[in-house]
Colleague: 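This is the structure I have questions about; it appears just below.
Numbers restart at 1 for each chain; the letters A, B, ... are given by sequence-line order, proteins then strands. Heavy-atom basis, side chains included; hydrogens, waters and symmetry copies ignored. Since the structure is predicted, the reported quantities are computational estimates derived from the model, not experimental observations.
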There are 2 protein chains.
Amino acid sequence: MRNSPGYDVYSRHCPARLVLDRLADKWVLLVIGRLWDQAVRFNQLRRDVDGVSQKVLSQTLKKLERDGLVERRVYATVPVTVEYSLTALGRSLAETIESFSHWAERNINAVLAAQHSYDAANGEAAAE
Amino acid sequence: MRNSPGYDVYSRHCPARLVLDRLADKWVLLVIGRLWDQAVRFNQLRRDVDGVSQKVLSQTLKKLERDGLVERRVYATVPVTVEYSLTALGRSLAETIESFSHWAERNINAVLAAQHSYDAANGEAAAE
DNA sequence: GGTGCCGGTTTCCTACAAGTTACCAAGTGA
DNA sequence: TCACTTGGTAACTTGTAGGAAACCGGCACC
């Protein structure tokens, strides 16, 4: 992979690697994916993204908001309404994530098949 | 984000989410990125991907090999040579990862700026 | 015989990630 | 008044990823 001038993603203290590290988080991927087409409320997001706890979702959203990827909007409704949506920056990232997601869905069978044949070859000894 | 028929990445036990979880790993991203244009030896990889320990690199490579993304080739040279390279499947993923990487490099400044303004607004109380 | 390199594996230990539970305010309805 | 909602935060506990370091075989050099 070629480097852009001035950056080296592989060096430990490269700021771009910080971004990459942040992105390398399943919840981030799933949350941004969920926000792709519409703004979503906190508890709705919690229900949609199966398996995430409030704490982690809250932390994830705060990180994303800090990174300028997600916008948080509070409405003074009956029970308070908090809506999360993607910013322009977040939407540009979401496009990349979508291609990721599509890769996963398209190639899941190939990966699963590779795992099975790998396990068949090496797994018998390692199974013990 | 729209769903492919039959899959739902958001449900807890979706196989595609397993793939996504695996991919959501900074070392995986960096290793595949490094293997993008050439086969690389173990210790070379360790030096290039700054900050990874042998153990974690070894585990990461094993996982990637099991997933059919990386190929491991051993040469019976003087000190044994082990070369890792991408499979066709791995290369198709690498293209996606590259766009990720490029996004990070292009938008690092926007993210950093967002972080600064966020911290300026909220950080004073939270800094303590 | 001792030291070094390559490519790992194993063990140990610790620090942080993350789950669970409890709690909060504010408002509404029974 | 109590219960229930939303959208969290805080405290406590557990799990586990990951770092450090030792060890391994095989060979080469001295």
Colleague: Distance check needed: C:dT10 C1' versus B:Q54 CD, whole Å only.
Modeller: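 Taking CD of B:Q54 and C1' of C:dT10, I get 12 Å after rounding.
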Colleague: Hey, what are the protein-to-nucleotides 17-19 of chain C N/O distances that come in under 3.5 Å?
Modeller:
unit_1 : atom_1 : unit_2 : atom_2 : d
C:dA18 : N7     : A:K55  : NZ     : 2.9
C:dG19 : OP2    : A:S53  : OG     : 3.1
C:dG19 : N7     : A:K55  : NZ     : 3.1
C:dG19 : O6     : A:K55  : NZ     : 2.6

Colleague: Which heavy-atom pair separates B:T96 from A:S99 by the least distance, and what is that distance?
Modeller: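 That closest heavy-atom pairing would be CG2-OG, 3.4 Å.
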Colleague: Let's go through B:W103 and A:L89 carefully: what are the C-alpha distance in whole Å and the side-chain angles of both, what is the deciding distance for side chain to side chain contact (heavy atoms under 4.5 Å, CB included) to 0.1 Å, and is it a yes or a no?
Modeller: CA-CA 10 Å; B:W103 187 93; A:L89 191 60; 4.1 Å; yes
Colleague: Does some side-chain heavy atom of A:V28 sit less than 4.5 Å from a side-chain heavy atom of A:V31?
Modeller: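 No - every pair of side-chain heavy atoms lies 4.5 Å or more apart.
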Colleague: Start with the C-alpha gap between A:K63 and A:E65, add the side-chain angles, then the distance that decides, and say whether salt bridge (Lys or Arg N to Asp or Glu O under 4.0 Å) holds.
Modeller: CA-CA 5 Å; A:K63 279 193 284 182; A:E65 193 194 352; over 6 Å; no
Colleague: Please check the phosphate of C:dC6 (OP1 and OP2 only) for any side-chain N or O of B:R41 closer than 4.0 Å.
Modeller: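 No, because none of the side-chain N or O atoms of B:R41 sits under 4.0 Å from OP1 or OP2 of C:dC6.
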Colleague: If you look at every strand shown and take non-hydrogen atoms under 4.0 Å, does A:Y84 touch a base, only sugar-phosphate, or nothing?
Modeller: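 Sugar-phosphate, no base atom in range.
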Colleague: Give B:R46 one of three labels, base, sugar-phosphate or nothing, depending on what nucleic acid heavy atoms sit under 4.0 Å from its own.
Modeller: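 B:R46: no heavy atom of the nucleic acid under 4.0 Å.
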Colleague: Of the options B:L30, B:L45, B:T87, which is the one that meets B:L35 in a side chain to side chain contact (heavy atoms under 4.5 Å, CB included)?
Modeller: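 When side chain to side chain contact (heavy atoms under 4.5 Å, CB included) is applied between B:L35 and each of B:L30, B:L45, B:T87, only B:L45 qualifies.
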Colleague: May I have the distance from A:L45 (atom CG) to D:dG8 (atom P), rounded to whole angstrom?
Modeller: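 Rounding to the nearest Å, CG of A:L45 and P of D:dG8 are 11 Å apart.
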Colleague: Whole-Å distance between D:dG7 C1' and A:Q44 CD?
Modeller: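 Whole-Å distance recorded here is 14 Å.
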Colleague: To the nearest Å, give me how far apart CG (B:L57) and C1' (D:dA17) are.
Modeller: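 The answer, rounded to whole Å, is 15 Å.
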Colleague: Counting side-chain heavy atoms from CB outward, which of C:dT9, C:dC6, D:dT6 is closest to B:S58?
Modeller: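 Closest of the options to the side chain of B:S58: C:dT9.
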Colleague: Closer than 4.0 Å, any side-chain N/O of B:K62 to the OP1 or OP2 of C:dG8?
Modeller: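 For B:K62, the contact criterion (side-chain N or O under 4.0 Å from OP1 or OP2 of C:dG8) is not met.
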Colleague: Just the rounded figure in Å: distance from P of D:dG7 to CZ of A:R72.
Modeller: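 Distance check: A:R72 CZ to D:dG7 P gives 9 Å.
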Colleague: Would you mind telling me which of C:dT21, D:dT6, C:dC6 lies closest to the side-chain atoms of A:N43?
Modeller: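 Within the option list, the nearest is D:dT6.
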Colleague: Grab the CZ-P distance between A:R73 and D:dG7 for me, whole Å please.
Modeller: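 Value for this atom pair: 15 Å.
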Colleague: Over all strands shown, is B:T77 touching base, sugar-phosphate only, or nothing at heavy-atom distances under 4.0 angstrom?
Modeller: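 Result for B:T77 = nothing.
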Colleague: Going by atom types only, do A:Q115 and A:D119 share a side-chain donor-acceptor pair under 3.5 Å?
Modeller: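 Judged by distance alone, the side chains do not pair up.
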Colleague: Given B:T81 and B:V74, is the side chain to side chain contact (heavy atoms under 4.5 Å, CB included) satisfied, shown in steps?
Modeller: CA-CA 6 Å; B:T81 298; B:V74 183; over 6 Å; no
Colleague: Nearest whole Å is fine: how far is D:dG8 C1' from A:L61 CG?
Modeller: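 The distance from CG of A:L61 to C1' of D:dG8 comes to 11 Å, rounded to the nearest Å.
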Colleague: Whole Å only: how far is the CD atom of B:E83 from the P atom of C:dG7?
Modeller: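 Between P of C:dG7 and CD of B:E83: 10 Å.
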